[in-house]
Amino acid sequence: MRFETNAYAGTGATLASEAMHGMASSSVTRLLEQALTAAETDLATTRACVARVAALLEREQAPAVAQEQPMAARRRTGAGLAPWQARRVAAHVDENLGFPITIEHLATIAGLSSSYFCRAFKDTFGDPPHAYIMRRRVERAQSLMLQTREPLSQIALACGLSDQAHLCNLFRRLVGQSPSHWRRSRWQEA
């Protein structure tokens, strides 16, 4: 019986040191040795030692797991806009892209305060309201560039942007190339 326990002791220490990498393995090793010593005589001490080792490993593993999870997976549950609020706000944004859209007006549509609306909006859509509206304006500009031969200055105004330079800067930041280059490459494909 003692031989089996020692055989498991080497395996347990090896597994613990492999799982921990940067953690202070001496405390885990000490706790595992204490648990093995008490395994034959004191079951309560063994359980307590194993629980402490598990807590140490879990605490060291939690930050690494949180960093690996994408942003969407880390969103708060239960937070955000209700489905009816999200539908109303998204519809209002899409219908009014050519006009100024304020956060206060969107919050009124959702029936929330401006500050809570901004947090709930980000939890629901993944972007703050301003970033979402700008992205939707660029998407509208892309569809207009493909459907019409209007100059970029007219498309910019139709999408609620101040001028062609505003469209170009925003487009380059979000898409990665200038609107005219993007438009030419799409026309050549068609």
Residue pairs passing the ring pair (Phe, Tyr, Trp, His ring centres under 6.0 Å) test where at least one lies in residues 139-158, sequence neighbours excluded: none
side-chain contact (heavy atoms from CB on, under 4.5 Å) against Gln177, all qualifying residues, sequence neighbours excluded: Val175, His181, Trp182, Arg186
Contact list for residues 146-162, test side chain to side chain donor-acceptor pair (under 3.5 Å), sequence neighbours left out: Ser162-His166
Separation of Leu167 CG from Arg172 CZ (nearest 0.5 Å): 11.0 Å
Please report the shortest heavy-atom distance between Pro129 and Phe117, naming the atom on each side. CG-CE2, 4.0 Å
Residues 131-146 side chain polar contacts: donor-acceptor under 3.5 Å, at least two apart:
from: Arg135; atom 1: NE; to: Asp127; atom 2: OD2; distance (Å): 3.4
from: Arg135; atom 1: NH1; to: Glu139; atom 2: OE2; distance (Å): 3.3
from: Arg135; atom 1: NH2; to: Asp127; atom 2: OD2; distance (Å): 3.4
from: Arg136; atom 1: NE; to: Asp94; atom 2: OD1; distance (Å): 2.8
from: Arg136; atom 1: NH1; to: Glu139; atom 2: OE1; distance (Å): 2.3
from: Arg136; atom 1: NH2; to: Asp94; atom 2: OD1; distance (Å): 2.8
from: Arg137; atom 1: NE; to: Leu97; atom 2: O; distance (Å): 3.1
from: Arg137; atom 1: NE; to: Cys159; atom 2: O; distance (Å): 3.0
from: Arg137; atom 1: NH2; to: Leu97; atom 2: O; distance (Å): 3.4
from: Arg137; atom 1: NH2; to: Phe99; atom 2: O; distance (Å): 2.8
from: Arg140; atom 1: NH2; to: Asp94; atom 2: O; distance (Å): 2.9
from: Ser143; atom 1: OG; to: Arg140; atom 2: O; distance (Å): 2.9

Flag the pair Ser178 / Cys168 as yes when at least one side-chain heavy-atom distance between them is below 4.5 Å, and no otherwise. no
Using the test side chain to side chain donor-acceptor pair (under 3.5 Å), find all partners of Ser115 that sit at least two apart in sequence or belong to another chain. none
Considering residues at least two apart in sequence or located in another chain, which fulfil the side-chain contact (heavy atoms from CB on, under 4.5 Å) criterion with Asn169? none
Please identify each residue that fulfils ring-ring contact (aromatic ring centres under 6.0 Å, His included) with His92, with sequence neighbours left out. His105
Please report the closest heavy-atom contact between Ser114 and Glu104, naming both atoms and the distance. OG-CG, 3.7 Å
With sequence neighbours excluded, tell me which residues meet side-chain contact (heavy atoms from CB on, under 4.5 Å) with Ala86. Leu81, Thr124, Phe125
Taking all heavy atoms of Trp84 and all of Ile109, pick out the closest pair and write down the distance. CZ3-O, 4.4 Å
Verify side chain to side chain contact (heavy atoms under 4.5 Å, CB included) between Leu152 and Arg183, making sure each step is shown before the conclusion. CA-CA 10 Å; Leu152 292 178; Arg183 187 184 220 180; 4.1 Å; yes
The reported gap from CG in Asn96 to CG in Leu106 (rounded to nearest 0.5 angstrom) is 9.0 Å
Between Ile101 and Leu157, is there shared hydrophobic-cluster membership here, with clusters defined by ILVMFWY side-chain heavy atoms closer than 4.5 Å? no
Sub-4.5 Å side-chain heavy-atom contact between Leu112 and Gln85: yes
